[in-house]
Amino acid sequence: MPPKICLYGTGVVSVLLLIVSIALVLFHVFPNFLHSTMKKEIVLKNGTDVFEAWVNPSPPVYMQFYFFNVSNPSEVLKGENPSVTEVGPYTYREIRPMEQVTFLDNGNEISAVNPKTYIFEPNMSRGLEDDLIRTVNIPAVTVMEKFKDHSTISKLISAYMTSKNEGLFVTRKVGDLLWGYTDDVLNFLHTFSPEVDPNFGLFYKMNGTDDGEYIFFTGKQNYTDFTRVAKWRNESNLEWWSTDQCNMINGTNAASFHPIISKDEMLYMFSSDLCRSIYALFEKELYVMDIPAYRFTIPREVFANITENPANAGFCVPAGNCLGSGLLNVSVCKQGAPIIMSSPHFYQADKKYVDDIFGMNPVKEDHETVIDVNPLTGFLLRAAKRIQVNVFVRKYSAFSQTGNVNDLVFPVMYLNESIIIDEGSARTVREVVTKGAIVINIPFFIMGLAILIGVIFIILVCKQRGPESTPAEQEPLLKS
Ligand SMILES: *[C@@H]1O[C@H](CO)[C@@H](O)[C@H](O)[C@H]1NC(C)=O
Ligand SMILES: *[C@@H]1O[C@H](CO)[C@@H](O)[C@H](O)[C@H]1NC(C)=O
Ligand SMILES: *[C@@H]1O[C@H](CO)[C@@H](O)[C@H](O)[C@H]1NC(C)=O
Ligand SMILES: *[C@@H]1O[C@H](CO)[C@@H](O)[C@H](O)[C@H]1NC(C)=O
Ligand SMILES: *[C@@H]1O[C@H](CO)[C@@H](O)[C@H](O)[C@H]1NC(C)=O
Ligand SMILES: *[C@@H]1O[C@H](CO)[C@@H](O)[C@H](O)[C@H]1NC(C)=O
Ligand SMILES: *[C@@H]1O[C@H](CO)[C@@H](O)[C@H](O)[C@H]1NC(C)=O
């Protein structure tokens, strides 16, 4: 009786497939399988692709500098507001390999240093390192701030500055301002106290040097800790979220089909420029190179004034001396130089700082710090860290060089350190995301198949029970 066997066979297969598919869904078989395979791969282990990609990252990191060229220095000395023109970008490619790599604690941790080398990229720059920039004379302001209350020393320094034609403003090459030059005033002090470095530069001695030893988790114990910083310069309790996490994208390796980044999650960035860690919050969903991403940005309250966010009272240095929203006094981190950090163009800062400088034009899209992460894999797809360096300028009666200048938070330059996943890695992530979606949906395909077979079964049963059909008519059909 082959027709009958076929008929009921179809029914049984349909029911079995349905049961199997429901069981697969209920017991999360495929997600768990994926999860455990991926877990094995998200770990830093000698000899693996993931490890190689972490040691020598391929996606390029660019550091772009924009300077504010002062156009009315003599008016500023008379008490007028400064007028500045933004110039740049001066773009450098950052090469940042892991060095002195050592496995610790049975492979659970790894120690390394991460020196950054900066290579000028003329094709991605508007201008050259030889361009002249007129800006605030940071070494001079630092020295004036330091000796403002020592009448004899300040007289001596002021006379020396006059003889060397040094004033509140200085015109220097971009390359000098960034990578260092010998400053007359610092050199003068150096002859009296040799511990004073006669050189100054915003990134002086930063090329090719590392910022201390890091200890990372390898992810062996817990894959969600993969490449997280356990200690920096021997200090633990750092929350860390770095641009380096993107480095292991290459290969089908480091992915988990687990939503490891949720919208509620805060991303922490530890920034040695700011001497503290700051956090970013979910803002919106978007696509980066056709990959779905969550965008995290730094909320205004992180740098709001104490009326808006009393928790920020700790930023008031010395205690009780609070600056307006959007500013951070980092003087203590910069050997007493009166440096104040903000977002570029005083984005999210108190409006008075924007109004004080002609040429400021804060724009959210251009001047915010952003981090775009693929939620499914946790991969960093794009990031841009944007910070402005300002100098607190004021009149020092002991220094005629400061004329009648107003109290100003004077912008010098801002930087945009950015990374975007390269096309090769993007392709890999897209594959991983698609494969993940397909594999996770396998039980539903089986379920669909079961339903389809079930429908065929019902049609066949109805046909058999339907209007008289002779065996003679069915016979050829089944044979063919
Ligand atoms: C990785 O293995 C190679 C070859 O066995 C060895 O030379 C190298 O030192 C190891 N690297 C680390 C960081 O342990
Ligand atoms: C940084 O150092 C590298 C190698 O030592 C050199 O090629 C590069 O030009 C330097 N960059 C700057 C900005 O001096
Ligand atoms: C900055 O301003 C100075 C003085 O006006 C000028 O000589 C210089 O060319 C300007 N720099 C740039 C890069 O435009
Ligand atoms: C903080 O900022 C708000 C809004 O910009 C302002 O109204 C308030 O006066 C500021 N508080 C202080 C202490 O500056
Ligand atoms: C910044 O902090 C230093 C001490 O850390 C302090 O001397 C200085 O006055 C502060 N600057 C401003 C503008 O408040
Ligand atoms: C960096 O930010 C600036 C504006 O702040 C923007 O003009 C530039 O295109 C950005 N660079 C990259 C590589 O995204
Ligand atoms: C990925 O790694 C392979 C070698 O393992 C290399 O040839 C390729 O260029 C890398 N791709 C990217 C986008 O880094």
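Both counts, for ligands and for their atoms, begin at 1 and track the order of listing.
Heavy-atom contacts of Asn321 reach the following atoms of ligand 5: 9 (O), 10 (C), 12 (C), 14 (O) (cutoff under 4.0 Å). Numbered from 1 in the order shown, with element, the atoms of ligand 2 that lie under 4.0 Å from a heavy atom of Tyr92 read 13 (C). Remark: ligand 5 atoms within the under-4.0 Å shell around heavy atoms of Asn329 are 1 (C), 2 (O), 3 (C), 8 (C), 10 (C), 11 (N), 12 (C), 14 (O).
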Test side chain to side chain donor-acceptor pair (under 3.5 Å) on Asn404 and Lys395; report intermediate values, then the result. CA-CA 6 Å; Asn404 272 321; Lys395 181 181 168 161; 2.9 Å; yes
Output, in order, the C-alpha distance, side-chain angles, deciding distance and verdict of side chain to side chain donor-acceptor pair (under 3.5 Å) for Ser342 and Asn390. CA-CA 8 Å; Ser342 69; Asn390 312 280; 3.0 Å; yes
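Ligand 2 has no nitrogen or oxygen under 3.5 angstrom from a nitrogen or oxygen of Thr117. At least one N or O atom of Asn207 sits closer than 3.5 Å to an N or O atom of ligand 2.
Taking all atoms of both residues into account, the shortest heavy-atom contact from Asn305 to Ser325 is N-OG, 2.8 Å. For the pair Met63 and Leu415, the tightest heavy-atom approach, listed with the atom from each and the gap, is SD-CD1, 3.9 Å. Closest non-hydrogen pair, Leu408 versus Pro82, comes out as CD1-CG, 3.6 Å.
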Sub-3.5 Å pairs, protein N or O with ligand 4 N or O:
| residue | atom | partner | partner atom | Å |
| --- | --- | --- | --- | --- |
| ligand 4 | 2 (O) | Asn305 | ND2 | 2.4 |
| ligand 4 | 2 (O) | Glu308 | OE2 | 3.2 |
| ligand 4 | 11 (N) | Asn305 | ND2 | 2.8 |
| ligand 4 | 11 (N) | Thr307 | OG1 | 2.6 |
| ligand 4 | 14 (O) | Asn305 | ND2 | 3.4 |

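Residue contacts with ligand 2, taken as heavy atom pairs separated by less than 4.0 Å, do not involve Phe120 at all.
A donor-acceptor contact under 3.5 angstrom links the side chains of Tyr204 and Asn199, judged on distance only.
Under the 6.0 Å cut-off for aromatic ring centres, Phe120 and Tyr92 qualify, their centroids lying closer than that.
Heavy atoms of Phe203 come nearer than 4.0 angstrom to ligand 2 in no pair at all.
A 6.0 Å sphere centred on CG of Asp407 holds more than 12 heavy atoms belonging to other residues, nucleotides or ligands.
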Kindly list each side-chain donor-acceptor pair under 3.5 angstrom involving residues 297-304, sequence neighbours excluded, with atom names and distances?
| residue | atom | partner | partner atom | Å |
| --- | --- | --- | --- | --- |
| Thr297 | OG1 | Glu283 | OE1 | 2.8 |
| Arg300 | NE | Glu308 | OE1 | 3.2 |
| Arg300 | NH1 | Gln348 | O | 3.1 |
| Arg300 | NH2 | Glu308 | OE1 | 3.2 |
| Arg300 | NH2 | Glu308 | OE2 | 2.8 |

